[in-house]
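Below is one structure, written out as structure tokens; the observations come after it.
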Amino acid sequence: MNAFQMAQEQFDSVASLINLDSGVAEILRWPAREYRFQIPIKMENGSVKVLFGYRVQHNDARGPSKGGIRFHPSETLDTIRALAMWMTWKCAVADIPLGGGKGGVAVDSATLSVIEKERLCRGWIDQIWKNIGPRQDIPAPDVGTTPQMMGWMMDEYCKLTGQYAPGVITGKPVGAGGSKGRTEATGYGVVYTLRETLKFLGIDPVKTTAAIQGFGNVAQYAASGFIDFLGGKVICVSCWDRDDHSAYTFSKDSGIDPRFLQSITDIYGSIDKSKAKEAGYKIEPAEAWISKDVDILIPAALEGQINEDSIEQISDRVKIVAEGANGPTTPEADKVLEGNNVFVIPDFLCNAGGVTVSYFEGVQNDMNFYWTREETLNRLDEKMTSAFASVLKVSEEQKVSMRSAAYMVAIDSVVNAMQFRGRL
Ligand code: NAD
């Protein structure tokens, strides 16, 4: 099952649970618009490389489409469709006035030089600028893309339109229209929802341990936030190794030190194995993270990682899965987790911190007035706490899983907006 089939299956099961009108369901189970385009790049060696870019706009009833751009070699139209659809639900659950979209390029950006990356970013905008904009569709960074890339893209858009329009894209560097707190936002948002979950389950956070998959933007700040704000211990993280073309788990039973690991991690989230080994980290196979004897699992890398095969390896001790990544759990594995009474904080609630601060970035761009980091993170905490409470309330009232409850809150809000606008 690919990611889009998974996103549709999740949606279908809730649509039937709430008796959603079949015509409305048909609108929402497909993206409203899809663009696929060629991006020819002049390489530094003089050759021309042709890459393919995508932008998918799933729904814009609540506001302009919103969602990141992924540069990843296994990117397909279906992955982007799934991610665009999840963005619609994410913005609705976080209660921010935006719709859902996503974009990408099938490329390993680490294989490109700096100038080639800049040409790719500018080339992506050259092909799609007429179909995006601060009031139309607002991209942002995701896997394989960085604030610097957002800066180039924003600049290209401004050149083409002849106007300063920083709100066309979010996740820009601070000082070029970016918001303070955006880098930490998704990881910290994961931690805020975890804090609320532990409170609800009556578990003392200080006594908890976590295993994390990934060590990129989300995982790094989920790890440091979990330790700094909740006092818990992170036993391991994992990452992809660009030299070996395989992934590894880096563990320490006494607890990893995220700041040290960050200091030996490249901008793509790959940890230097030899330096980690020197510092006493155990380097284990990729899948080791999932079988750790911990209270909390935080998948924060790619989709489909908790599946029919890997679910067997999860320890009985695990009480919470906090989905930092988008779509990390397949529907089959989800049923097993539910049967085992594992509390799953569903992806589009758990990782909504990034898009929430992206929205704050757009608000600051519109005002041309910028907030302090503390102000931004306090507002983020408020939004995440309130989104968690509204999903938990539905989950308790309707006696459904947190994922179904999150879908119910999101679908209700999107359908209401469609009705208010007279689209139905
Ligand atoms: P990133 O590119 O910064 O990091 C990805 C990490 O995953 C890296 O450490 C990489 O080495 C690791 N990884 C890749 N393949 C792996 C594998 N097979 N096994 C183990 N580790 C592997 O990406 P990110 O921004 O941290 O995003 C991670 C996930 O969170 C994605 O699903 C993304 O869509 C989602 N997400 C990100 C944000 C955001 O603001 N960055 C917001 C919401 C959701």
Side-chain angles (χ1 to χ4, degrees), residues 3 66-75 79-80 82-84 86-87 89-91 93-94 100 102-104 108-110 139-147 149-150 170-171 179 181-190 193 211-223 236-250 258 261-262 264-273 283-290 298-307 310 322-329 346-359 361 380 384:
K66 179 89 192 90
I69 304 170
R70 265 193 189 184
F71 287 174
H72 192 273
S74 54
E75 210 54 74
T79 342
I80 295 170
L83 293 161
W86 284 323
M87 284 308 297
W89 313 136
K90 194 180 298 189
C91 293
V93 155
K102 203 83 184 189
D108 181 355
S109 50
D142 198 272
V143 176
T145 48
T146 60
M149 294 179 182
M150 300 303 110
T170 60
S179 173
R182 174 62 185 88
T183 310
E184 312 86 305
T186 310
Y188 282 7
V190 168
T193 61
I212 302 183
Q213 187 192 33
F215 200 59
N217 174 263
V218 180
Q220 289 178 20
Y221 292 96
C236 69
V237 296
S238 69
C239 73
W240 183 256
D241 188 288
R242 292 182 176 275
D243 300 326
D244 298 10
H245 296 283
S246 57
Y248 295 95
T249 297
F250 295 72
L261 286 179
Q262 267 178 314
I264 58 164
T265 299
D266 68 16
I267 56 160
Y268 304 102
S270 295
I271 302 170
D272 185 319
K273 285 208 296 297
I283 300 177
E284 300 175 283
E287 61 282 4
W289 76 281
I290 207 168
I298 308 179
L302 298 171
E303 57 276 347
Q305 301 298 301
I306 303 181
N307 51 43
S310 62
E323 296 185 331
N326 286 312
T329 310
D347 49 5
F348 63 83
L349 167 65
C350 190
N351 68 32
V355 76
T356 301
V357 173
S358 276
Y359 161 62
E361 182 177 329
L380 171 66
M384 296 298 295

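Each ligand, and each atom within it, is numbered from 1 in the order the structure gives. No hydrogens, no waters, no symmetry mates; every other heavy atom, side chains included, goes into these values.
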Are Trp289 and Pro299 side-chain neighbours, meaning at least one heavy-atom pair lies under 4.5 Å?
yes

Return a yes/no value for Ala219: is any of its N or O atoms, backbone included, closer than 3.5 angstrom to an N or O of ligand 1?
no

Charged N to carboxylate O under 4.0 angstrom, Lys273 versus Asp243?
no

Over all atoms of both residues, closest heavy-atom pair of Arg242 and Ala110:
NH1-CB, 3.2 Å

Counting heavy atoms only, which of Phe348, Tyr248, Tyr268 is nearest atom 8 (C) of ligand 1?
Tyr268

For Gly324 and ligand 1, answer yes if some heavy atom of the residue is under 4.0 Å from a ligand atom, otherwise no.
yes

Where Ser358 and Lys66 come nearest, the two heavy atoms and their spacing:
CB-CE, 3.6 Å

Taking the side chain as everything from C-beta on, heavy atoms only, tell me whether Ile283 gets closer than 4.5 Å to Phe250.
yes

Compute the shortest N/O to N/O distance between Glu303 and ligand 1 and return yes if it is under 3.5 Å, no if not.
no

Any heavy-atom pair between the side chains of Glu323 and Thr329 that's under 4.5 Å?
yes

Taking the side chain as C-beta and beyond, is there a heavy-atom pair between Thr170 and Met150 under 4.5 Å?
no

Looking only at distances, can you tell me whether any N or O atom of Val143, backbone or side chain, sits closer than 3.5 Å to an N or O atom of ligand 1?
no

Among Ala286, Ala247, Gly216, Gly354, which one puts a heavy atom closest to atom 5 (C) of ligand 1?
Gly216

What part of Ala185, side chain, backbone, both or neither, has a heavy atom within less than 4.0 angstrom of ligand 1?
neither

From Lys90 atom NZ to Cys350 atom SG, the distance as rounded to the nearest 0.5 Å:
9.5 Å

Numbered in order shown, the ligand 1 atoms found under 4.0 Å of a heavy atom of Cys239 are 9 (O), 11 (O), 21 (N)

Is any side-chain heavy atom of Lys102 closer than 4.5 Å to one of Asn326?
yes

Taking all non-hydrogen atoms of both residues into account, name the closest pair between Ala325 and Leu302 and its distance.
CB-O, 4.0 Å

Considering all heavy atoms, the nearest Gln305-Ile290 contact:
O-CD1, 4.2 Å

Return the option from Asp241, Asn217, Thr356 holding the heavy atom at the smallest distance from atom 25 (O) of ligand 1.
Asn217

In short, Phe348 meets Ala352 closest at the heavy-atom pair O-CB, 3.6 Å

So is there a nitrogen or oxygen of Trp240 less than 3.5 Å from a nitrogen or oxygen in ligand 1?
yes

If you count the atoms of ligand 1 from 1 in the order shown, which ones are under 4.0 Å from a heavy atom of Asp142?
33 (C), 34 (O)

Would you check whether Arg70 has a nitrogen or oxygen atom less than 3.5 angstrom from a nitrogen or oxygen atom of ligand 1?
yes

Are any of the N/O atoms on Gln305, whether in the backbone or the side chain, positioned under 3.5 angstrom from an N/O atom of ligand 1?
no

So, Asn307 and Ser310: side-chain donor and acceptor under 3.5 Å apart, yes or no?
yes

Among Val218, Thr183, Ile212, closest by heavy atom to atom 27 (O) of ligand 1 is Val218

At less than 4.0 angstrom from any non-hydrogen atom of Ser238, what atoms of ligand 1 do you find?
20 (C), 21 (N)

Closest protein heavy atom to atom 7 (O) of ligand 1, given as residue, atom name and distance to 0.1 Å:
Ala301 CB, 3.5 Å

With heavy-atom distances below 4.0 Å as the criterion, list the atoms of ligand 1 near Gln213.
19 (N), 20 (C)

Should Gly269 be counted as touching ligand 1, given the test is an N or O pair under 3.5 Å?
yes

Counting only heavy atoms, which portion of Arg182 has something under 4.0 Å from ligand 1: side chain, backbone, both, or neither?
side chain

Below 4.0 angstrom from a heavy atom of Gly144, which ligand 1 atoms are there? Numbered from 1 as shown, please.
2 (O)

Within-cut-off N or O pair, Leu302 and ligand 1, under 3.5 Å
no

Considering non-hydrogen atoms only, spot the tightest contact between Thr249 and Ala286 and give its length.
OG1-O, 2.9 Å

Tell me whether Lys90 has any N or O atom under 3.5 angstrom from an N or O of ligand 1.
no

Is the shortest heavy-atom distance from the side chain of Phe215 to the side chain of Gln220 under 4.5 Å?
yes

Side chain or backbone of Thr186 under 4.0 Å from ligand 1, or both, or neither, by non-hydrogen atoms?
side chain

Residue and atom name of the nearest protein heavy atom (relative to atom 35 (C) of ligand 1), distance in Å to one decimal:
Asn326 ND2, 3.6 Å

Using a 3.5 Å cut-off on N or O atoms only, is Leu83 in polar contact with ligand 1?
no

